[in-house]
Amino acid sequence: MADQNRKAITYLRSEKAREATFTVWPFSSRQPCSIKKMAEAGFVFTGSYKDPDSVQCCFCTKQLNNWEANDEPWSEHLKHSPQCQFALMQKPQDLWTVGELIKVIEEYCCNEVNRKYEELEAEAKEHYEKMREMIRS
């Protein structure tokens, strides 16, 4: 889990790190959904040779695929994840103000705490049900 969190932080911080995940990508650098534009919009490559256009936002974890050559990564990101603070920026990270960066990091941290809480809550419920069954039998 710690390794996964480190990767997520690296991808959140670095557009170049996100670009490096695109080992296979069906679109050229001249098309709107180029690797550079995908990484700029917060996406990392999660696909394979069989599924060559799957991506995931490093911030909101929204997964998208079935891209078309003329799809605009920023607008598609916002359309499918309208609450994503990263997508709401609608500009490359190097143009963010310090205040915008803090807002994105703050939201990311809140999202991670909520995800972890939900995970722990589900585990607790499962444990509770197992204990309940043991007591009944």
Distance-only donor-acceptor pairs under 3.5 Å for side chains of residues 33-43, two or more places apart:
{"residue": "Ser34", "atom": "OG", "partner": "Lys37", "partner atom": "N", "Å": "3.2"}
{"residue": "Lys36", "atom": "NZ", "partner": "Glu15", "partner atom": "OE2", "Å": "3.1"}
{"residue": "Glu40", "atom": "OE2", "partner": "Trp74", "partner atom": "NE1", "Å": "3.1"}

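Rounded to the nearest 0.5 Å, atoms NZ (Lys62) and SG (Cys84) are 11.0 Å apart. Distance check: Gln63 CD to Thr61 OG1 gives 7.5 Å after rounding to the nearest 0.5 Å. To the nearest 0.5 Å, atoms CG (Leu101) and OG1 (Thr97) are separated by 8.0 Å. Between Gln90 atom CD and His77 atom NE2 the span is 9.0 Å, to the nearest 0.5 Å. One distance of note links OG of Ser75 with NE2 of His80; it measures 9.0 Å at 0.5 Å rounding. Separating the CG atom in Asn111 from the CD atom in Glu106 is a distance of 11.0 Å, to the nearest 0.5 Å.
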>> Does Glu126 form a side chain to side chain contact (heavy atoms under 4.5 Å, CB included) with Glu123? I'd like the steps, not just the answer.
In response: CA-CA 5 Å; Glu126 183 179 324; Glu123 286 176 20; 5.7 Å; no

> When you look at Val55 and Val44, which way does the side chain to side chain contact (heavy atoms under 4.5 Å, CB included) test go after all the steps?
Replying inline: CA-CA 5 Å; Val55 296; Val44 294; over 6 Å; no

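Salt-bridge annotation for Glu119 and Lys116: present, with a side-chain N of the basic residue lying under 4.0 Å from a carboxylate O of the acidic one. A salt bridge links Lys79 with Glu76; the closest basic N to acidic carboxylate O contact falls under 4.0 Å. Between Lys130 and Glu133, no side-chain nitrogen of the basic residue sits less than 4.0 Å from a carboxylate oxygen of the acidic one, so the salt-bridge criterion is not met.
One hydrophobic cluster, built from ILVMFWY side chains closer than 4.5 Å, holds both Phe86 and Ile105. Under the 4.5 Å side-chain heavy-atom criterion for grouping Ile, Leu, Val, Met, Phe, Trp and Tyr, Trp67 is connected to Tyr49 within one hydrophobic cluster.
Annotation for Asp71 and Pro32: closest pair O-CB, 3.4 Å, computed over non-hydrogen atoms. Taking every heavy atom of both residues into account, Met89 and Val104 meet most closely at CE-CG2, 3.4 Å. Of all non-hydrogen atoms in Trp96 and Lys91, the two that sit nearest each other are NE1-O, 3.1 Å.
In this structure, the side chains of Phe59 and Gln85 come closer than 4.5 Å at one or more pairs of heavy atoms.
Legend: residues meeting side-chain contact (heavy atoms from CB on, under 4.5 Å) with Asp51, ordered by chain and number and at least two apart, are Ser48, Asp53, Ser54, Asn65. Residues passing the side-chain contact (heavy atoms from CB on, under 4.5 Å) test with Arg30, sequence neighbours excluded: Ser28. Residues that satisfy the side-chain contact (heavy atoms from CB on, under 4.5 Å) test with Ala69, not counting sequence neighbours, are Phe27, Gln31. Checked against ring pair (Phe, Tyr, Trp, His ring centres under 6.0 Å), Phe22 has the following partners two or more places apart in sequence or in another chain: Trp25, Phe45. In this structure Ile135 satisfies the side-chain contact (heavy atoms from CB on, under 4.5 Å) test with no other residue, sequence neighbours excluded.
Other residues, nucleotides and ligands contribute at most 12 non-hydrogen atoms within 6.0 Å of the CD atom of Glu68.
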